[in-house]
Structures are given as C-alpha cells and as structure tokens.
Amino acid sequence: MKMTETQFRLIKEQLYKLTSKECFYKHKLEGIDIDQIQSQEDFEKLPFTWKGDLRDAYPLGLAAVPDDEIVRIHSSSGTTGTPVIIPYTAKDVEDWAIMFARCYEMAGITKHDRVQITPGYGLWTAGIGFQLGCERLGAMAIPMGPGNTDKQLQMMMDLGSTVLCATSSYALLLAEEIAKRGIGDKIKLKKGVIGSERWGEKMRQRIANELGVELYDIYGLTEVYGPGIGISCPHACGMHMWDDYIYFEIVDPKTGIPVPDGEIGEIVITTLKKQGAPLIRYRTHDLSRVIPGDCPCGSPYPRIDTILGRTDDMVKVKGVNIFPSQIDAMLSSIPGASSEYQFMLDHMNGKDICTLFVELEAGIDREIMEKIIGETFKAKIGITVNVMPVAIGELPRSEKKSTRVFDNRY
Ligand code: ZN
C-alpha cells in the first residue's frame, strides 16, 4: 500500500509533536532522529506499538495532551490482566463521529432511518460509537445496548427500526428468535451494520435471509477510536478504510515486514489526526489483506478484506496453518451444515487430535454428514478431523465476540 504525500506529512508532523514533549512516544521513539525519516520505507523501520505497551501505560500514560483537554476515556476489554485506557479529546470524539456518520452514509443510511443499537455502552467503545455517528447523521438512535431479547424485539416492532447494529452472533440470535416467534412480517429492518467480528459467508447469508436485510461490515478497535474507521459498501467487496484519519499497513505477523497488496497479514494502524492517544504502527492482531484495484462503487477510499481472523486464532497443526475463515468457507460449501462450529485441538498420546463440533440443520442424516464434512475438511484444509454433529442452537451464541477455535494442547 503506497503512503500518500498527505499521509506522510501528517505522520511527520505527529512524530515531531510527540517527540518534543513529555509523553508515551517521547520515550518509545527515544534515539530516533525524526529528520531522518524521509520516505515510507524509513517510516516502516519505526518500532511497532504493541497492546502490551499500552497496558504498561495504565492508567493514563498514553495521554499526549494535558489533562484538561481530555473529555473522555474508553477502555478495551481487559479479560485478562490490566486493561488499556484510551483518552480522547473533544476533537477526537468529533472526528470519530464524522467517520462513523460516513460509515452510515456508505451503507445508504439516512436521517429518515431508525437505528437500533445493540452493542454495549460504557467503558468500551461499541455502543457509544454507533450512537455518536447516528446522531451526527441525524437518524433516530434507539440505544438499547445488549441483551433482553424480548424488549429488543418489542422495540423493534413498536418503533419500526429500519437498521440493526449488532455483533454477528447477536444478529443471528435475534434472527433466529424472530423466525421462532413468527413475527417476521412485523419487522421493518432494511439494513444491518455488523461489528468487527470475523464471520463467514454462511452466517452472513443466514442473517441476511432470516432478517431480510442488506448487511454491512463495520471495522474498528477501541485503541483506534472504536468501530467506524471503515465499512463495506453496497458492492460488499471488502471494507473501505478512512485513510484521511488512519494509515494502515498489512504485515507478516511473524516477521513484521509489510506484505504485497492482496496477501494476507496483520493490520497495523497509525493514526493521522488523533490527539488524546495517537498511535504509531499499532499491531491490531487482526488478519486481512488489501483488496487491490478500484471498487465498483467509485469510492476513493482503499479497501481491506473482511476480517479473516485474529493472529492468535491462527493455529498450526501438523505443519498446516489453520484460520477460522477457512473453516467458515469449507462449511459454507456443504448444504445442511450451519455456520456455527467449534474447532478443538487436543494433545493425546503424543498426537494432535482435532475435533470439529458443527451444527446441522434439522432432518439431516448425521452419519452421512460426518463423512462428508470429514472428507471435505481433509481435502480443503489438509488434515484429519473428528466431526461431531450437534443440533442447531446447541453451540453457544454470544452477545460479544464468539471464540470458535480452542487450542487445548498446552
Ligand atoms: Zn465500494
């Protein structure tokens, strides 16, 4: 991906600013002469910023402006250990809203829409980002937050929500509930804006069909504003990224070297305008690739593929790299298999054992499916797997991100 002149200028300005005052990056970039950075290649030699660096700066060590300029903080989910806290200035909050409103516009959402927001509000950035963008656009926000499915569906019917914002697993749960209760004709949804979880084609089709909506993938992470830094367009061929606010690279997760356009790697983000907590070469651990060429929609914003997984979801079995997205793709080629699965890796008697739990549609012969899925897995992914069919709804649905690959070997 070629860095534009404007991006280069903004990055240089930011680097000068950050190294000239007491802050996180003054120390991180100690000993680096900013004058010597004269090209994209020079920039690519700067050290990466890791989530661990951000954690070490807890609580407010990332702040690059005086305290009185901070208007808000958010925190990324600290399921293990110390959370990361990101401070925002008023300008950061506004920039985020501008980007988010642009996402809604890309999805064809207007001020006439009624937007039901189911991601959580609070320390993490999801709900409030959807809200900010919605208000900036001028649409009607319905700030539900997660859970309470009865109330969600009641409001959806009574208010005639036209847009659903949700994680893919919660959208699926709602779609299944609507089908189960037979209330499809009372639902007015037209579009779904689905948050940054990796999800397969089959799951997408089930949600789209059962809800009768067009789906848009929105991308973002708390460390870099939150959701809303990129979204898919009506052509659904990757997500356009707002490259006037962020500069992104795709690097080999092992070596850290940028990969050629089109190849899969880890998304690395540098913020161009952020004030509260600017980031230089932040390793997101999200796997994607640049989609080369122009989008048929005519948007000048560059595209990346929908998120293909996390670098830590990538598991190696008998020398073969396995991504969850490969399993999604494999299952979507098999009629009767649902999009929901869990892949377990265990080590027994000196051998790696792989087990695939997969939901089957009702009335499908389990033994035949075991055989078909096992053979397809071997053919497409290259390893032998024990297939364990289960009924639709038996695997956990989550309101947040669902984990599908479990490595129990160590
Ligand atoms: Zn497009």
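All ligand and atom numbering here is 1-based and tracks the order in the structure.
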Near the Zn ion (ligand 1), meaning under 2.8 Å, the protein N/O/S atoms are C233 SG, H240 NE2, C295 SG, C297 SG

Short side-chain donor-acceptor distance under 3.5 Å, Q205 and N209 = no

field: Centroid-centroid under 6.0 Å between F100 and Y225 rings
entry: no

D33 CG: over 12 foreign heavy atoms closer than 6.0 Å
yes

Pair Y121, Q131: side-chain N/O donor-acceptor within cut-off below 3.5 Å: yes

State whether a side-chain donor-acceptor pair under 3.5 Å links S333 with K380.
yes

#### Entry: Pair R310 + D286, salt bridge at N-O below 4.0 Å
yes

